[in-house]
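Just so you know, residue 1 is the first one in the sequence shown, and it goes up from there.
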Amino acid sequence: MLETGLKWPATPAAAFELLLEGNRRFISGDRQHPHQDADRRTALAPAQRPFAVLFGCSDSRLAAEIIFDRGLGDLFVVRTAGHVVGPEVLGSIEYAVAVLDTPLIAVLGHDSCGAIAATLAAIEHDVTPAGFMRDVVERVMLSVLPVREQAATDPDIAVEEHVKYTVDMLAHRSAVIAERLADGRCGVVGLSYRLAEGSVRRVGGFGV
């Protein structure tokens, strides 16, 4: 096993608690900035073994290692606008789970999400953005349409619904992830992040 200075979590629940511990430090301002020195960099050079996959929105305010107070080698980070899922995303997450043996996948959405706002606007005005932004909106729309009326007055409803939708997709679309979930080697959890407070809240999941 790679010696990284981090006590390797034995279960998905233990990995999730490590994430939450780091977020609590971030909220309180008592950050440790772990695993960010030259020794850690050298130790990781031969191999990596992150304890969690962090699949989140590309929003610049969602820097995973900062809001969870982690460092080099701790998180396997995959980010797309609106955390939309495509083959490259699934392949990247499957690599972390199957090859790196990562025990937790966390899906991170957030309030004031531009992708969610663009999708709600497209539904209201029946106009989608130009270029490849349209593809992002169309993928988000699959989760937002069922709650469009409630989300018109409370966009956070759409944010949480989209996180839950993404969690379900990862758990059921990927045979690799589904197998790991079934035997308890991996968990998938959905998180909603509050930009002003810096806090995360669980909004769904499997095996955690």
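Partners of Arg139 according to the side-chain contact (heavy atoms from CB on, under 4.5 Å) rule, which considers only residues two or more places apart in sequence or in another chain, are Val84, Asp135.
How far CG of Leu170 is from NE2 of His172: 10.5 Å, rounded to the nearest 0.5 Å. Atoms OG and CZ, on Ser92 and Phe76 in that order, are 5.5 Å from each other to the nearest 0.5 Å. Atom-to-atom distance recorded for Ser112:OG and Ile116:CD1 is 11.5 Å, nearest 0.5 angstrom.
One hydrophobic cluster, built from ILVMFWY side chains closer than 4.5 Å, holds both Ile177 and Val99.
Two residues are said to be in side-chain contact when any heavy atoms from C-beta on lie closer than 4.5 Å; Asp156 and Arg194 meet this criterion. Side-chain atoms of Leu75 and Leu19, non-hydrogen and from C-beta on, do get closer than 4.5 Å to each other. Counting heavy atoms from C-beta outward, Arg148 and Leu145 have side chains that approach closer than 4.5 Å. Inter-residue side-chain proximity for Val140 and Tyr165 is flagged as unmet; no heavy-atom pair is nearer than 4.5 Å. Counting only heavy atoms from C-beta outward, the side chains of Arg202 and Val208 approach each other to under 4.5 Å. With a 4.5 Å cut-off on side-chain heavy atoms, Pro50 and Leu100 count as touching. Using a 4.5 Å cut-off on side-chain heavy atoms (C-beta onward), Trp8 and Phe51 make contact. The shortest side-chain heavy-atom distance between Leu120 and Pro155 falls under the 4.5 Å cut-off.
Of the possible polar contacts, one joining the Thr102 side chain to the Ala96 backbone as a donor-acceptor pair under 3.5 Å is found. With Arg40 contributing its side chain and Leu72 its backbone, the two residues share a donor-acceptor pair below 3.5 Å. Panel note: side chain Arg79, backbone Cys57; a donor-acceptor pair is recorded below 3.5 Å.
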Stepwise side chain to side chain contact (heavy atoms under 4.5 Å, CB included) check, Thr166 with Ser143: CA-CA 8 Å; Thr166 305; Ser143 63; over 6 Å; no
- request: Could you check Asp74 against Glu65 for side chain to side chain contact (heavy atoms under 4.5 Å, CB included), going step by step and ending with a plain yes or no?
  value: CA-CA 8 Å; Asp74 293 339; Glu65 286 87 355; over 6 Å; no
- request: Please step through side chain to side chain contact (heavy atoms under 4.5 Å, CB included) for the pair Phe68 and Leu191, ending with a clear verdict.
  value: CA-CA 12 Å; Phe68 292 106; Leu191 301 172; 4.1 Å; yes
- request: Give the intermediate values and the outcome of side chain to side chain contact (heavy atoms under 4.5 Å, CB included) for residues Leu195 and Leu62.
  value: CA-CA 8 Å; Leu195 292 170; Leu62 258 68; 3.9 Å; yes
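In this structure, His83 and His162 have parallel ring planes: the angle between them is below the 30° cut-off, well short of the 60° mark.
For Asp111 and Arg61, the salt-bridge test fails: no basic side-chain N is under 4.0 Å from an acidic carboxylate O.
Under the salt bridge (Lys or Arg N to Asp or Glu O under 4.0 Å) rule, Asp69 has a single partner from Arg25, Arg24, Arg31, which is Arg25.
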